[in-house]
Visitor: 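So that we are looking at the same thing, I have put the structure below in structure tokens.
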There are 2 protein chains.
Amino acid sequence: MVTLSEENYLKAIYHLALRNDEKVSTNAIAQKMQTKASSATDMIKKLSEKGLVDYQKYKGVNLTEKGRLSAVSVIRKHRLWEVFLVDKLSFNWDEVHEVAEQLEHIKSEKLTQQLDAFLNYPTKDPHGDPIPDPSGNMPSTEKVLLAKIENHKHCICIGVKDSSAEFLQYLDKHNIALGTEITIVSKESFDESMTLKINKTPLVISKEVSHNLFVKIN
Amino acid sequence: MVTLSEENYLKAIYHLALRNDEKVSTNAIAQKMQTKASSATDMIKKLSEKGLVDYQKYKGVNLTEKGRLSAVSVIRKHRLWEVFLVDKLSFNWDEVHEVAEQLEHIKSEKLTQQLDAFLNYPTKDPHGDPIPDPSGNMPSTEKVLLAKIENHKHCICIGVKDSSAEFLQYLDKHNIALGTEITIVSKESFDESMTLKINKTPLVISKEVSHNLFVKIN
DNA sequence: ATTTATTTTTAGACAAGACTAAAAATTTAT
DNA sequence: ATAAATTTTTAGTCTTGTCTAAAAATAAAT
């Protein structure tokens with residue numbers, strides 16, 4: 001039995017660990033959960049005892065397969081309910097999140113199955129995020145080069161094409177990491193340079209950078 | 001803000017107080033909630049402080065108007081979701097209760113409104129129970145004489161036609177009170193007598209009894 | 001009208017989840 | 001490489017909702 005709170009933590013860890021093997025820090029979890037680091041530590045221990053995460057003190061956590069399945073199941077329900085709200089109950093796409101945050105915790109295998117069928121087995125939620133299948137497979141989000149993103153869009157860094165030390169150090173220096181949110185402020189067509197905004201800080205990058213960074217739109 | 005537990009207690013009190021002014025005992029609440037009397041007392045105090053029930057020590061509780069509205073709102077949601085599950089997700093009528101017990105606590109005015117519209121403003125749930133309107137009016141359940149109930153049906157005692165002391169004492173003696181659940185085991189056509197089951201105990205009654213007891217089907 | 005039985009309330013404890021403040025470990029910087 | 005800063009953990013407290021055991025109030029019975 002996974003409690004509501006535990007489900008929310010698992011979901012947070014899932015979203016923070018963009019690559020599956022990546023370790024997630026206590027602070028990152030606390031921030032995402034809008035709580036204090038000490039509370040996060042308490043919960044991490046609980047999840048660890050239940051075999052939902054791998055945990056070593058001071059080293060961060062990893063979802064176990066059991067934990068990943070639990071997180072993905074919640075995300076599946078969340079996204080199915082979002083489709084329901086928009087398609088059947090004429091909600092706007094910006095009104096569905098907080099209601100889906102509640103509905104995602106309803107426990108009934110049959111409910112989820114029947115809802116999926118009723119909605120005609122959708123593959124994406126109203127925001128374009130993929131809906132995991134019943135056995136927990138998350139359709140992989142297509143990687144896109146930052147260079148392809150349109151002006152004014154938001155995206156999230158999910159990988160690199162050039163993984164040289166030089167490039168990685170450049171990214172570190174400018175606070176770009178896996179999971180960093182990037183906004184495209186403007187694009188120069190003559191040299192393909194771009195102005196980004198990273199955590200409210202502007203950054204001008206060359207085409208060498210934008211052609212070597214994978215992002216996903218969200 | 002009414003918590004999930006508080007909502008469940010209010011619902012229990014609502015169902016126990018068949019007449020609105022009737023006082024409900026701590027023990028009755030504890031039994032309905034599958035908990036201990038001391039826990040019920042604790043919760044009653046909390047509800048009383050929030051102005052959801054009127055409470056005097058050792059005297060039982062009454063829902064206030066505020067408490068009644070809260071209870072009816074939860075019941076409305078419960079019954080709407082039951083209709084949804086049966087009509088849209090092809091659940092059987094006997095499978096809906098436990099899922100509806102979860103869904104009834106989802107907080108979103110818009111969700112309830114839109115669901116109501118989507119289901120075409122139903123007036124009864126799959127078990128025939130009336131669905132309260134958005135402003136908290138519960139359609140009155142029609143009183144039916146026990147004599148009219150078909151064989152093998154379950155019903156609940158909700159009133160008497162003959163309110164003489166003799167008749168009331170007879171009912172007391174046989175453990176029939178407002179709220180008592182009655183099953184019709186068999187009916188004799190030649191003298192209109194019936195065999196009932198009250199709390200697993202069989203009871204044979206005459207037509208004088210069955211023609212003076214109001215029940216509702218449930 | 002007292003005693004007996006039942007119901008209700010109090011007192012104290014516990015688990016889940018969160019918090020504060022302080023200690024310990026790790027990372028960064030000089 | 002050691003000091004400073006940051007992150008993480010521990011220890012102790014709080015709230016919600018539950019429990020047990022005992023006390024107090026009410027109801028039933030002789």
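Convention: sequence-line order gives letters A, B, ...; per-chain numbering from 1.
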Visitor: Give the rounded distance in Å between these two atoms: CD of B:Gln56 and P of D:dT26.
Guide: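 Nearest whole value for this atom pair: 11 Å.
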
Visitor: Just checking B:Tyr9 against B:Tyr14, ring centres under 6.0 Å apart?
Guide: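 B:Tyr9 vs B:Tyr14: aromatic centres not under 6.0 Å.
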
Visitor: Are B:Lys11 and B:Ile75 close enough that some pair of their side-chain heavy atoms sits under 4.5 Å apart?
Guide: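 Touching, per the 4.5 Å side-chain cut-off.
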
Visitor: Check B:Pro139 against B:Pro130 and note the closest heavy-atom contact, atom names and distance.
Guide: O-CG, 3.5 Å

Visitor: What's the shortest heavy-atom distance between B:Gly136 and B:Arg68, and which atoms?
Guide: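 Heavy atoms only, the tightest pair is O-NH1, 3.2 Å.
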
Visitor: Quick check for you: name the first and last nucleotides of DNA chain C, 5' to 3', having an atom under 4.0 Å from a heavy atom of chain A.
Guide: C:dA16 to C:dT26

Visitor: Ignoring hydrogens and geometry beyond distance, is a side-chain donor-acceptor pair present between B:Ser135 and B:Asp133 at under 3.5 Å?
Guide: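 Their side chains do contain a donor-acceptor pair, which is all the 3.5 Å distance test asks for.
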
Visitor: Would you mind reading off the distance between B:Asn8 atom CG and D:dT16 atom C1', rounded to a whole angstrom?
Guide: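 Going from B:Asn8 (CG) to D:dT16 (C1'), I get 14 Å.
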
Visitor: Counting only non-hydrogen atoms, which of residues 28-41 of chain A are less than 4.0 Å from DNA chain D?
Guide: A:Ala37, A:Ser38, A:Thr41

Visitor: Please check if any side-chain donor atom of A:Ser186 sits under 3.5 Å from a side-chain acceptor atom of A:Thr195, or the reverse.
Guide: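 There is such a pair (donor and acceptor under 3.5 Å, judged by atom type) between the side chains of A:Ser186 and A:Thr195.
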
Visitor: Please give, in whole Å, the distance from D:dT10 P to A:Asp42 CG?
Guide: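 Between P of D:dT10 and CG of A:Asp42: 9 Å.
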
Visitor: Check whether the side chains of B:His105 and B:Glu7 place a donor and an acceptor atom closer than 3.5 Å, and report yes or no.
Guide: yes

Visitor: Is there a side-chain polar atom (N or O) of A:Ser25 under 4.0 Å from OP1 or OP2 of D:dT7?
Guide: no

Visitor: Show which side-chain atoms of residues 25-46 of chain B pair as donor or acceptor with protein atoms under 3.5 Å away, not counting sequence neighbours.
Guide:
unit_1  : atom_1 : unit_2  : atom_2 : d
B:Ser25 : OG     : B:Ala28 : N      : 3.1
B:Thr35 : OG1    : B:Ser39 : OG     : 3.4
B:Thr41 : OG1    : B:Ala37 : O      : 3.1

Visitor: A:Tyr58 has an atom OH; how far is it from atom C1' of D:dA5, in whole Å?
Guide: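 After rounding, the reported distance stands at 15 Å.
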
